Q: 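Here you go, one structure.
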Amino acid sequence: MIQLSSSRARIGAVLVLAGALEALVAVLLGRWHNGDAGVAAAVGVLIAVLAGAIAGRWVGVAVAAAGWAFYFVFVADDSLRALSALPAWLAAGAAAGWVAARLHVSSREVEAKYRSLKTNLPVVTYAYPPGERAAALEIGPQVEALLGYSAREWLAEPGLFDRLLHPEDRERVLAEISAAGESSEPLRLEYRMLTRDGRVVFVNDESVTVRDARGRPLYVQGYLLDASERRRTEEEKEHLRAGERAAVVEMRDKQHRLDFLAKAAIAFASSLDVDTTLRRVAQLAVRELADWILVDVLDENGDAARLVAVHTAPAPPGPGPRAEPEPEVLAVIRSGEPELSESRVSVPLVARTRSLGAITFVSTTPGRAYGTEDLALVEGFATTAALAIDVARLYQEVDERADAARVLTYVADGVFLLDMGGIVRLWNPAAEVIMGLQAQTVLARPATETIPGWEALAERIPVRRAPEDSAAAATLPVETVRGERWISISGVEFFGGTVYAFRDLTEDRRLEELKADFLSTASHELRTPLAAVYGAAQTLRRHDFALDEAGRDRFISMIVDESERLGRIVNEILLANQLELGRVDLVTGSFDPAELIERVVDAVRIHAPPRIELDVVAPDVVPAVGADRDKVRQILMNLVENAIKYSPDGGRIELGVEPADGAARFHVFDEGLGVPAEEHARIFDKFYRLDPEMTRGVGGTGLGLYICSELVERMGGQIWVESREPGGTAFFFEIPYADVAGARTARTARETAEA
């Protein structure tokens with residue numbers, strides 16, 4: 001109501017004052033300016049506009065009408081032409097009032113939005129004079145929810161900000177605020193403040209200095225944001241990350257222990273010589289888990305003896321363990337209960353509820369103390385060791401107790417038992433794998449019906465009458481569902497039948513055959529040039545046989561050619577050995593692959609048979625290759641010589657190169673004998689020869705393609721073979737371009753090292 005009255009008073013005052021001004025202007029200008037209508041009209045319109053801007057459009061219209069009336073009477077002298085100014089006069093007053101009203105509404109809306117934004121923002125806004133942070137000019141109402149003090153209390157107590165700063169942060173914060181001074185850069189801080197109830201909250205504080213048009217600082221405004229939740233989240237994340245790191249360390253430690261147990265299990269399963277295996281596994285464990293590892297085993301009479309006592313290198317300081325088991329170890333063996341202390345873990349070796357001895361880990365290293373996890377590790381190791389000892393003893397006693405053969409389930413060799421009637425009574429899993437015969441199809445049936453060719457095999461298998469008898473195992477071929485397999489087999493006869501043990505030597509025999517073929521082939525390949533060199537040299541030495549200069553040159557040329565052939569064969573053998581040992585050094589460089597192919601063809605044409613036609617196919621531009629140029633040349637020479645060798649009837653041999661995906665793809669095509677599709681997977685094997693008997697007149701050591709494959713792989717590439725239609729062979733290999741060769745070669749070297 002008060003506001004409404006005030007508004008009416010303001011409108012009345014504007015009407016009276018503006019009307020008076022309109023009358024005064026009309027009277028004065030009508031008299032003093034000799035009826036200057038233009039000036040009078042302009043001043044009258046201006047007064048109407050001002051009245052409308054101050055009090056609204058209706059006031060503007062009213063003042064405009066009054067002004068025009070005065071103008072009409074005193075200035076225009078009742079001229080009818082003055083009537084035309086009335087609409088413009090009224091429109092100017094109304095327009096000024098309407099614009100003023102809209103601006104007034106807008107300003108109120110802006111002010112309302114500002115107040116709403118200031119009230120509802122999730123931050124505490126503030127303002128203070130430059131350099132006087134303690135004397136707040138304004139502060140948002142949210143400060144009460146944040147710190148427990150109302151905005152009125154903040155404005156009433158200038159030093160409240162300093163007092164609420166956390167004691168540990170107060171000096172730093174005030175120093176940074178002071179150092180910021182009148183800088184135009186925003187100041188960003190994070191610190192702690194104390195609430196009314198004594199809690200500590202983290203706040204983010206960001207402020208900036210507001211300046212006038214001349215750049216003088218007016219005040220500093222900013223905001224406070226509650227950062228406690230974010231800090232708690234970060235602390236929780238850090239706690240989780242710390243827990244994750246601890247879990248990873250723990251997992252790695254557990255994985256390391258599991259790996260040790262796995263290695264120990266593999267070592268125990270690989271040999272029946274328990275003494276040697278225990279000592280080897282103990283040496284593996286003593287590097288990281290103990291300073292001394294002791295293994296004490298009960299003999300047949302129940303007496304404990306120290307079987308293994310290994311230590312770190314160099315030997316730990318102080319006196320070593322006794323040669324005989326200590327009393328505490330004997331107590332563990334008798335009770336079957338483990339003993340744990342900070343420096344010692346002793347666990348019984350138990351198999352099939354029988355105590356076989358004890359294993360003891362001893363630490364003399366300061367700072368290393370055993371705990372429950374170490375006890376669990378030693379118990380797992382002891383379980384595996386006990387099983388290995390038990391299996392070994394049962395295997396040794398197989399001629400005395402037939403039922404002990406059940407433990408052979410875990411033996412890697414194939415084992416089966418035939419009773420006195422030739423019936424299969426035992427068939428272990430290894431026998432299933434090697435022979436391809438499931439136990440359910442073999443057990444309780446005659447061996448002659450279930451084992452292919454058993455009658456013929458049985459006559460050739462050596463059988464011992466007692467374990468101490470010496471009888472070498474026989475290596476024999478057997479037919480299985482997987483084809484022919486070679487096995488090493490022997491038997492032990494006892495009162496209940498015969499136990500046969502065998503192992504698969506197929507791959508070993510294949511390797512031996514390949515080596516034998518290689519030796520035979522190498523001997524043949526070496527003998528031919530040696531014979532030629534020897535014959536030519538002997539001829540040159542003869543005094544009773546006259547040779548002209550052309551004849552001597554022919555024999556000398558023969559010696560040179562055959563010597564080069566010998567050198568190539570020897571170099572192949574040496575290079576293959578170096579590749580196998582990983583001693584081949586590669587010198588990576590950038591070179592033009594097309595130019596290299598041209599040089600290879602030029603070199604081959606000199607010695608190529610007349611029926612061989614050599615062609616080069618290459619684009620005008622091929623990116624540079626990043627590899628060992630000499631080794632790539634050797635690969636091409638090997639492939640070309642291989643193509644010539646397997647083209648006894650002559651034909652066209654094509655060398656080429658083309659861009660591939662990040663690499664240059666070389667190829668060597670021939671029209672020779674070809675390679676059967678089933679041989680593609682083996683053609684790059686060491687010692688492999690497509691024509692081992694040289695039935696088609698093709699010789700070789702079987703190392704050329706193996707060398708090509710190994711060199712290509714070491715240079716980060718790949719090599720393969722395809723058959724051509726209607727005949728012939730296509731060899732391809734890819735070598736990376738110079739810009740990608742470094743990364744791929746590094747990766748290949750790393751993978752080779754890991755393998």
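Every value quoted in this text rests on a predicted model; they were computed, and no experiment measured them.
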Q: With side chains defined as the heavy atoms from C-beta onward, is the minimum distance between Arg445 and Val424 less than 4.5 Å?
A: no
Q: Show the nearest heavy-atom pair for residues Ala618 and Ala594, with the distance to one decimal.
A: CB-CB, 4.2 Å
Q: Do NZ/NE/NH1/NH2 and the carboxylate oxygens of Arg665 and Glu734 come within less than 4.0 Å?
A: yes
Q: With heavy-atom distances below 4.5 Å as the criterion, would you say the side chains of Val604 and Val600 are in contact?
A: yes
Q: Nearest 0.5 Å please: distance from the CD atom of Glu455 over to the OG1 atom of Thr448.
A: 6.0 Å
Q: Are the side chains of Met715 and Leu586 in touch, meaning some heavy atoms are under 4.5 Å apart?
A: yes
Q: Taking Thr450 for the side chain and Pro446 for the main chain, is one N or O donor matched with an acceptor at less than 3.5 Å?
A: yes
Q: Give me the one residue out of Leu636, Asn638, Val721 that meets side chain to side chain contact (heavy atoms under 4.5 Å, CB included) with Phe731.
A: Val721
Q: Between Glu679 and Ile683, does the side-chain contact (heavy atoms from CB on, under 4.5 Å) criterion hold? Intermediate values first, please.
A: CA-CA 6 Å; Glu679 302 293 333; Ile683 197 169; 5.6 Å; no
Q: Using modelled atom types and a 3.5 Å cut-off, is there a donor and acceptor pairing between side-chain atoms of Asp670 and backbone atoms of Gly728?
A: no
Q: Provide the closest heavy-atom pair for Ile461 versus Gly491 in the form atom of the first, atom of the second, distance.
A: CG2-N, 4.3 Å
Q: Heavy-atom distance under 4.5 Å between the side chains of Asp615 and Leu655, does that happen here?
A: no
Q: Is Trp427 reaching over with its side chain to a backbone N or O of Gly414, donor-acceptor style, under 3.5 angstrom?
A: no
Q: For the residue pair Ala608 and Ile644, what are the closest heavy atoms and their distance?
A: CB-CD1, 4.5 Å
Q: Let me confirm one number: the CG-SG distance from Leu639 to Cys708, rounded to the nearest 0.5 Å.
A: 4.5 Å
Q: Which heavy atom in Lys631 sits nearest to a heavy atom in Leu711, and how many Å separate them?
A: CD-CD2, 3.9 Å
Q: Locate the shortest heavy-atom distance separating Asp630 from Asp628; write the atom from each residue and the value.
A: N-OD1, 3.1 Å
Q: Any side-chain heavy atom of Phe666 within less than 4.5 Å of one from Ile597?
A: yes
Q: What side-chain hydrogen bond (donor to acceptor under 3.5 Å, both in side chains) pairs are there with at least one residue in residues 719-730, not counting sequence neighbours?
A: His680-Ser723, Trp720-Glu722
Q: Do you know the tightest heavy-atom contact between Pro462 and Ala474?
A: CD-CB, 3.5 Å
Q: Tyr737 side chain to Val625 main-chain N or O, any donor-acceptor pair under 3.5 Å?
A: no
Q: Mind checking the CD1-CD1 spacing from Ile719 to Ile735? Nearest 0.5 Å is all I need.
A: 8.5 Å
Q: Given side-chain contact (heavy atoms from CB on, under 4.5 Å), test Leu476 with Leu457 step by step and report yes or no.
A: CA-CA 8 Å; Leu476 304 172; Leu457 285 173; 3.9 Å; yes
Q: When you compare the side chain of Phe502 with that of Ile434, does any pair of heavy atoms fall below 4.5 Å?
A: yes
Q: Could you state the interatomic distance from CD1 (Ile653) to CD1 (Ile612), rounded to the nearest 0.5 Å?
A: 4.5 Å
Q: Between Arg714 and Glu710, does at least one N-O distance fall below 4.0 Å, as a salt bridge requires?
A: yes
Q: First locate atom CD1 of Ile635, then atom CG of Leu705, and finally report the distance between them rounded to the nearest 0.5 Å.
A: 11.0 Å
Q: What distance do Thr480 atom OG1 and Met435 atom CE have between them, rounded to the nearest 0.5 Å?
A: 7.0 Å
Q: Would you say the side chain of Val463 lies within less than 4.5 Å of the side chain of Ser490, judging by non-hydrogen atoms?
A: no
Q: Any donor and acceptor pair, going by atom type alone, linking the side chain of Glu432 with main-chain N or O of Ala439 inside 3.5 Å?
A: yes
Q: Suppose the criterion is side-chain hydrogen bond (donor to acceptor under 3.5 Å, both in side chains): which pairs have a residue in residues 592-603, not counting sequence neighbours?
A: Glu595-Arg599, Glu595-Arg629
Q: Kindly state whether the ring of Phe684 and the ring of Tyr706 have centres lying under 6.0 angstrom apart.
A: no
Q: Taking the ring centre of each residue, are Tyr500 and Trp454 less than 6.0 Å apart?
A: yes
Q: Is there a donor-acceptor pair closer than 3.5 Å between any side-chain N or O of Arg611 and the backbone N or O of Pro648?
A: yes
Q: One pair to check against side-chain contact (heavy atoms from CB on, under 4.5 Å): Thr475 and Trp486. What are the steps and the verdict?
A: CA-CA 7 Å; Thr475 302; Trp486 284 83; 3.8 Å; yes
Q: When you compare the side chain of Val657 with that of His667, does any pair of heavy atoms fall below 4.5 Å?
A: no
